[in-house]
2 protein chains.
Amino acid sequence: MARSPTSQRLAETAIRLFNERGYDETTVDDIAARAGVSRSTFFRYYRSKEEVIFPDHDALLAKVEARLRASTADTAIVAICDAVRIVLAHYVEDAEVSLRRYRLVGRVPALRHREIASVARYQRLFREYVGDWLAGTPDAALRAELMASSVVAAHNQVLRGWLRAGGSYDPFEPLDHALQYVIRTFRHLENLEGPGDDQVVVAAFPRSASPDDVMDAIRAHLGSRQ
Amino acid sequence: MARSPTSQRLAETAIRLFNERGYDETTVDDIAARAGVSRSTFFRYYRSKEEVIFPDHDALLAKVEARLRASTADTAIVAICDAVRIVLAHYVEDAEVSLRRYRLVGRVPALRHREIASVARYQRLFREYVGDWLAGTPDAALRAELMASSVVAAHNQVLRGWLRAGGSYDPFEPLDHALQYVIRTFRHLENLEGPGDDQVVVAAFPRSASPDDVMDAIRAHLGSRQ
DNA sequence: GAATGCTGTGAGACTCAGTATCGTACGCTT
DNA sequence: AAGCGTACGATACTGAGTCTCACAGCATTC
């Protein structure tokens, strides 16, 4: 599935021209001519002028889906975090391309729409996965939607920050930091099944409760565990 | 700002034709001819063929923004919930149109993309608002993103459910239910400023911690409050 | 009441994305 | 060398969206 040299050449030519003259000012004819092929050939490799900017979203989407499928309910959160890392890694691998695309997309509304649409596909994927995971629990669909949107939002926030900074640092640490928020939100939304592996949320009390009230209640509760 | 009769007529004709023949099979010429005007006139009222389906998103967006601006930090959550209700109300008011559009959008990828793009504008609006609200606190941008995405996700989930059901019930109750989740998530994400009004989340511990460890830690922490 | 200007409309030409078809040259097999 | 499949080029076509110009209606003004 290695990309053909012609396809590669077309993509590079296109991006160069888009940056030189602007997206709207560059016609498909220009790209094809400069790449030394015919217009027909361009449309053979890319279904549209926009697609030349977003080549392998399908492949990436498939990778994400594969990672999610390769998990059981116990490891759902791990699978989700892994999947998000896969996506971010994809951008980081081709930092050069990602950055050029980022600048381009920021300037061209049509491309921005396209990008947003492709993000929606990831969100949908996560939503379906989480929906299956939560199936049967109350408000499963709603919570799946919220969880999926959080995952995607966290990823996008980290990615955008990294891109804005010109890809000048390792974004996986911020990603894990962001995912901590998401995981806590998950736990929170998931609270029917109790807390997770390494943390036990102990209690919540009316603010009016005195420290002694709190201590008493906790002592009583812990008593049943000893 | 009442819509002109010609514009109205064009929109109605377009939707009827889209439903009869399909979106791609209907040309702008068809619409204009059937509405009794020229092609030029169509493009005077709508900048594109897609736009005839999504007429007043701009106005709605402005309403939402106005509602958000008309609030101080204290009432941020209230403002956000209100804003979401405004959006849902807009769909419910024109239930007939909303339903027709929903069915259409479900079948035509180009329209779906357009819809998704417009949703992103709402999310951006909420993100900026929440970002201002949280400005100066740690991870403000990240938490703003998460909160905004939750708000939008909740709304969309409720709206989609209502549309799928053919608009056969009052969606504001489910909306409030969904917003409860969102609000709790907010509180959770907001915990730097302390928890909400009536709850105090006390602590989280490694599951391996013995009850005594827990008690000691809590006692030490509460000590500083007495 | 004619000249003036503004506004909405129609007509037509033009660009360009995207589709479909056909012919052909090249490389590979047997 | 004959046959075959694949990739490419050439060409024509549809339809969206832009632009320009001409004209008609309608008000104002002197």
Side-chain angles (χ1 to χ4, degrees), chain A residues 1-55 57-58 104-105 107-115 117-118, chain B residues 1-55 57-58 104-105 107-115 117-118:
Chain A
M1 199 69 176
R3 283 224 298 280
S4 81
T6 307
S7 140
Q8 194 79 25
R9 202 176 149 63
L10 276 169
E12 283 169 14
T13 310
I15 292 186
R16 187 167 336 120
L17 285 176
F18 290 161
N19 279 322
E20 283 175 14
R21 312 184 192 172
Y23 180 79
D24 287 325
E25 289 69 29
T26 306
T27 71
V28 173
D29 279 301
D30 294 336
I31 303 169
R34 184 95 145 228
V37 299
S38 78
R39 214 175 86 96
S40 308
T41 299
F42 177 93
F43 283 109
R44 238 171 235 123
Y45 283 97
Y46 301 99
R47 272 174 306 190
S48 74
K49 182 179 166 185
E50 292 172 2
E51 201 182 284
V52 76
I53 307 289
F54 306 100
H57 259 133
D58 286 337
L104 208 53
V105 167
R107 289 197 308 259
V108 183
L111 298 179
R112 205 160 42 241
H113 289 175
R114 173 103 186 192
E115 174 134 292
S118 77
Chain B
M1 201 68 181
R3 283 223 298 279
S4 82
T6 306
S7 141
Q8 194 79 27
R9 201 176 149 64
L10 276 169
E12 284 169 13
T13 309
I15 293 187
R16 187 166 338 120
L17 284 177
F18 290 161
N19 279 323
E20 282 175 15
R21 310 183 192 175
Y23 180 80
D24 287 325
E25 289 69 31
T26 305
T27 71
V28 173
D29 280 300
D30 294 337
I31 303 169
R34 182 94 146 228
V37 298
S38 76
R39 214 175 89 95
S40 308
T41 299
F42 178 92
F43 282 109
R44 241 173 233 122
Y45 284 98
Y46 300 99
R47 272 173 306 189
S48 73
K49 183 179 165 186
E50 292 172 5
E51 201 182 286
V52 77
I53 306 288
F54 305 101
H57 259 134
D58 285 338
L104 209 52
V105 167
R107 289 199 307 260
V108 182
L111 297 179
R112 204 160 42 241
H113 289 175
R114 173 101 186 196
E115 174 135 292
S118 78

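Owing to the predicted nature of the structure, the values given are computational and were not obtained by experimental measurement. So that the names make sense, note that chain A is the first sequence line, chain B the second, and so on, each numbered from 1. Heavy-atom basis, side chains included; hydrogens, waters and symmetry copies ignored.
- In this structure B/Arg107 satisfies the salt bridge (Lys or Arg N to Asp or Glu O under 4.0 Å) test with no other residue, sequence neighbours excluded.
- Take A/Glu25 and apply the salt bridge (Lys or Arg N to Asp or Glu O under 4.0 Å) test, not counting sequence neighbours, and it matches no residue.
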(message) Output one letter per nucleotide in nucleotides 12-26 of chain C: B when a protein non-hydrogen atom lies under 4.0 Å from the base, S when only the sugar-phosphate is that close, - when neither is.
(response) B---SBBB-------
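- For DNA chain D, the contact window with chain A, defined by any atom under 4.0 Å from a protein heavy atom, covers D/dC8 to D/dT11 in 5' to 3' order.
- Considering only residues two or more places apart in sequence or on other chains, A/Arg112 meets the salt bridge (Lys or Arg N to Asp or Glu O under 4.0 Å) condition with none of them.
- Applying a 4.0 Å cut-off to non-hydrogen atoms, the residues of residues 5-12 of chain B that approach DNA chain C are B/Thr6, listed by residue number.
- B/Tyr46 is linked by a side-chain hydrogen bond (donor to acceptor under 3.5 Å, both in side chains) to B/Ser7, counting only residues two or more places apart in sequence or in another chain.
- Within the structure, salt bridge (charged side-chain N to carboxylate O under 4.0 Å, His left out) contacts touching residues 39-48 of chain B (residues at least two apart or in different chains) are B/Arg47-B/Glu51.
- With sequence neighbours excluded, no residue forms a ring pair (Phe, Tyr, Trp, His ring centres under 6.0 Å) with A/Tyr45.
- Every residue meeting the side-chain hydrogen bond (donor to acceptor under 3.5 Å, both in side chains) condition with B/Ser38, not counting sequence neighbours, appears here in chain and number order: B/Thr41.
- Legend: residues meeting side chain to side chain contact (heavy atoms under 4.5 Å, CB included) with B/Ala110, ordered by chain and number and at least two apart, are B/Glu50, B/Val108.
- Judged as a ring pair (Phe, Tyr, Trp, His ring centres under 6.0 Å), and not counting sequence neighbours, A/Phe43 has no contacts.
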